[in-house]
Amino acid sequence: MIKGILLDLSGTLHVGDEALPGAKNAVAKLQRQGLALRFVTNTSRKSRAILHRQLEAMGFTIPKELLLTAPLAVRSYLESHRLRPYLLIHPDLQDDFADLPRHDPNAVVVGYAEDGFTYAAMNEAFRLLKEGAPLLATGKTRYFQGKDGLKLDTGPFLSALEYAAETEAVVLGKPSPGFFHAAVATLGCRPQQVGMIGDDARSDIAGAIAAGLQGVLVKTGKYRPGDEQLLPPSAGLADDIVDALRQILPKGTF
């Protein structure tokens with residue numbers, strides 16, 4: 001029996017600044033039904049405040065505190081381990097790391113830096129890693145769906161640093177089991193009572209199922225034919241968010 005839902009954002013509810021067909025009504029219906037709901041994202045191109053404003057501009061009514069983001073999970077890790085980060089991130093994400101000590105950095109944080117992935121910035125991160133700094137990441141996603149087509153995400157740049165520095169990143173967003181379990185804890189449910197819906201077969205669905213949740217892949221956003229071959233046997237496959245919710249919730253409730 002599903003008692004809670006985790007929803008991915010980009011590619012599942014919207015692409016760029018456009019809500020996907022049926023997404024706004026689906027979220028509103030879930031909210032009216034009172035189902036435990038959280039919105040989980042690895043998006044590291046914008047702070048939670050910016051993300052919240054953009055969702056509102058698209059017509060979604062989502063309380064900011066229900067947005068669980070990988071960058072904020074990284075910030076929490078930095079604070080709990082008293083680390084001073086070298087930030088290789090997008091300018092629009094800086095607010096999520098405001099007020100953290102940054103002098104003499106002893107950790108490297110990698111998000112989607114876009115044009116910030118310069119040789120100089122990557123090399124500075126590499127040198128810190130070779131000196132023993134831990135490598136922290138919002139995610140290891142290979143690519144995402146932009147308005148004008150697929151775009152490289154954090155993963156390829158993160159892998160380059162791992163390879164060069166002979167280290168392994170601590171990934172604090174999806175598909176980390178810790179990220180999913182933290183999200184489930186906020187719902188007051190057990191993992192098997194929670195369904196994850198997203199457009200990334202590996203990070204969203206395989207990651208959720210490995211953490212004990214149920215999962216349904218939607219054929220929107222970054223989905224491409226053949227992605228279903230990456231899914232565990234128990235995963236579902238749906239045309240869109242409405243179809244996914246009809247599959248995962250009890251018959252007749254959606």
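Using modelled atom types, one side-chain atom of Gln214 and one backbone atom of Gln192 make a donor-acceptor pair closer than 3.5 Å. Under the 3.5 Å distance criterion, the side-chain polar atoms of Arg75 are matched with a main-chain donor or acceptor of Ala98. Of the possible donor and acceptor atoms, none in the side chain of Glu124 sits under 3.5 Å from a partner among the backbone N and O of Tyr86. In terms of modelled atom types and a separation under 3.5 Å, the side chain of Gln54 and the main chain of Lys46 share no donor-acceptor contact. Of the possible polar contacts, none joining the Ser176 side chain to the Leu172 backbone as a donor-acceptor pair under 3.5 Å is found. Put simply, the side chain of Arg202 never gets that close to the backbone of Leu230: no donor and acceptor are under 3.5 Å apart. A distance-only check finds no donor-acceptor pair linking the side chain of His181 to the backbone of Gly212 [under 3.5 Å]. Not one N or O on the side chain of Gln229 forms a donor-acceptor pair closer than 3.5 Å with the backbone of Gly226. Here the side chain of Asp96 pairs a donor or acceptor atom with the backbone of Arg48 at under 3.5 angstrom. Between the side chain of Lys3 and the backbone N or O of Leu187 there is no donor-acceptor pair closer than 3.5 Å.
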Start with the C-alpha gap between Arg127 and Glu131, add the side-chain angles, then the distance that decides, and say whether salt bridge (Lys or Arg N to Asp or Glu O under 4.0 Å) holds.
CA-CA 6 Å; Arg127 288 175 175 176; Glu131 292 171 1; over 6 Å; no
Between Gln247 and Asp243, does a side chain to side chain contact (heavy atoms under 4.5 Å, CB included) hold up when you go through it step by step?
CA-CA 6 Å; Gln247 288 186 33; Asp243 186 26; 3.5 Å; yes
Is there a side chain to side chain contact (heavy atoms under 4.5 Å, CB included) between Leu249 and Leu35? Walk through the geometry before answering.
CA-CA 10 Å; Leu249 293 174; Leu35 199 69; 3.8 Å; yes
Would Lys222 and Asp200 count as a salt bridge (Lys or Arg N to Asp or Glu O under 4.0 Å) here? Give the steps.
CA-CA 7 Å; Lys222 68 187 292 182; Asp200 188 308; 2.7 Å; yes
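Transitive grouping of hydrophobic side chains (ILVMFWY, heavy atoms separated by less than 4.5 Å) brings Leu55 and Leu7 into a common cluster. Residues Ile2 and Met196 do not share a hydrophobic cluster, defined by chaining ILVMFWY side chains whose heavy atoms lie under 4.5 Å apart. One hydrophobic cluster, built from ILVMFWY side chains closer than 4.5 Å, holds both Leu37 and Phe254. In the hydrophobic cluster analysis, where Ile, Leu, Val, Met, Phe, Trp and Tyr join through side-chain heavy atoms closer than 4.5 angstrom, Leu87 is grouped apart from Leu161. No single ILVMFWY cluster, assembled from side-chain heavy atoms under 4.5 Å apart, contains both Ile50 and Met58.
The ring pair (Phe, Tyr, Trp, His ring centres under 6.0 Å) contacts involving residues 137-162 comprise Tyr112-Phe144, Phe117-Phe157, where partners must be two or more places apart or lie in separate chains. Applying the ring pair (Phe, Tyr, Trp, His ring centres under 6.0 Å) test to pairs two or more places apart or on separate chains, those with a residue in residues 54-77 are Tyr77-His81.
The two residues Ala211 and Pro177 come nearest to each other via the heavy atoms CB-CA, 4.1 Å. Shown here for Ser10 and Arg45, the closest heavy-atom pair between the two residues is OG-NH2, 4.0 Å. Between Ala244 and Val218, the shortest heavy-atom distance links the atoms CB-CG1, 3.9 Å. A pairwise comparison of heavy atoms in Gly116 and Ala121 identifies O-CB, 3.4 Å as the closest pair. Across Val171 and Gly139, no two heavy atoms sit closer than the pair CG1-CA, 3.7 Å. Between Ala26 and Val242, the shortest heavy-atom distance links the atoms CB-CG2, 4.3 Å.
Note that the NZ atom of Lys219 and the CG atom of Asp239 stand 5.5 Å from one another [nearest 0.5 Å]. Interatomic distance, Thr253 OG1 to Arg246 CZ, rounded to the nearest 0.5 Å: 10.5 Å. Separating the CD atom in Gln193 from the CD1 atom in Ile5 is a distance of 12.0 Å, to the nearest 0.5 Å. Note: Thr12 OG1 to Asp199 CG = 4.0 Å, rounded to the nearest 0.5 Å. For the atom pair CZ (Phe180) and CG (Leu213), the distance works out to 7.0 Å, reported to the nearest 0.5 Å. Summarising the geometry, atom CG belonging to Leu9 is positioned 5.0 Å from atom OG1 belonging to Thr41; distances are rounded to the nearest 0.5 Å.
Of the options Leu88, Val109, Thr167, a side-chain contact (heavy atoms from CB on, under 4.5 Å) to Leu135 is made by Thr167 and by none of the others. Screening Leu72, Ile89, Asp95 for a side-chain contact (heavy atoms from CB on, under 4.5 Å) with Ser47, the sole residue that qualifies is Asp95.
Annotation: side chain of Leu217 is not in contact with side chain of Asp204 (no heavy-atom distance under 4.5 Å). Residues Val170 and Pro134 have side chains not in contact (no heavy-atom distance under 4.5 Å, counting atoms from C-beta outward). A 4.5 Å side-chain heavy-atom check between Val27 and Gln31 finds at least one atom pair inside the cut-off. Leu136 places none of its side-chain heavy atoms less than 4.5 Å from the side chain of Pro85. Side chains of Asn42 and Thr138 form no contact here, defined as non-hydrogen atoms less than 4.5 Å apart. Residues Phe97 and Arg102 form no side-chain contact, since every pair of their non-hydrogen atoms from C-beta on lies 4.5 Å or further apart. Annotation: side chain of Lys24 is not in contact with side chain of His14 (no heavy-atom distance under 4.5 Å). Side-chain contact between Leu6 and Leu68: absent, with no pair of heavy atoms (C-beta onward) separated by less than 4.5 Å.
Counting heavy-atom neighbours within 6.0 Å of Asp148 CG, excluding the residue itself, gives a total above 12. Around atom CD of Glu79, more than 12 heavy atoms belonging to other residues, nucleotides or ligands sit under 6.0 Å away. By the 6.0 Å contact criterion, CD on Glu65 is enclosed, its count of non-hydrogen atoms from other residues, nucleotides or ligands being greater than 12.
A salt bridge is defined here as a Lys NZ or Arg NE, NH1 or NH2 lying under 4.0 Å from an Asp or Glu carboxylate O, and Lys174 with Asp8 meets this definition.
The closest side-chain donor-acceptor pair between Glu228 and Tyr223 falls under 3.5 angstrom.
Other residues sharing the hydrophobic cluster of Leu20, ordered by chain and number and joined by side-chain separations under 4.5 Å: Val15.
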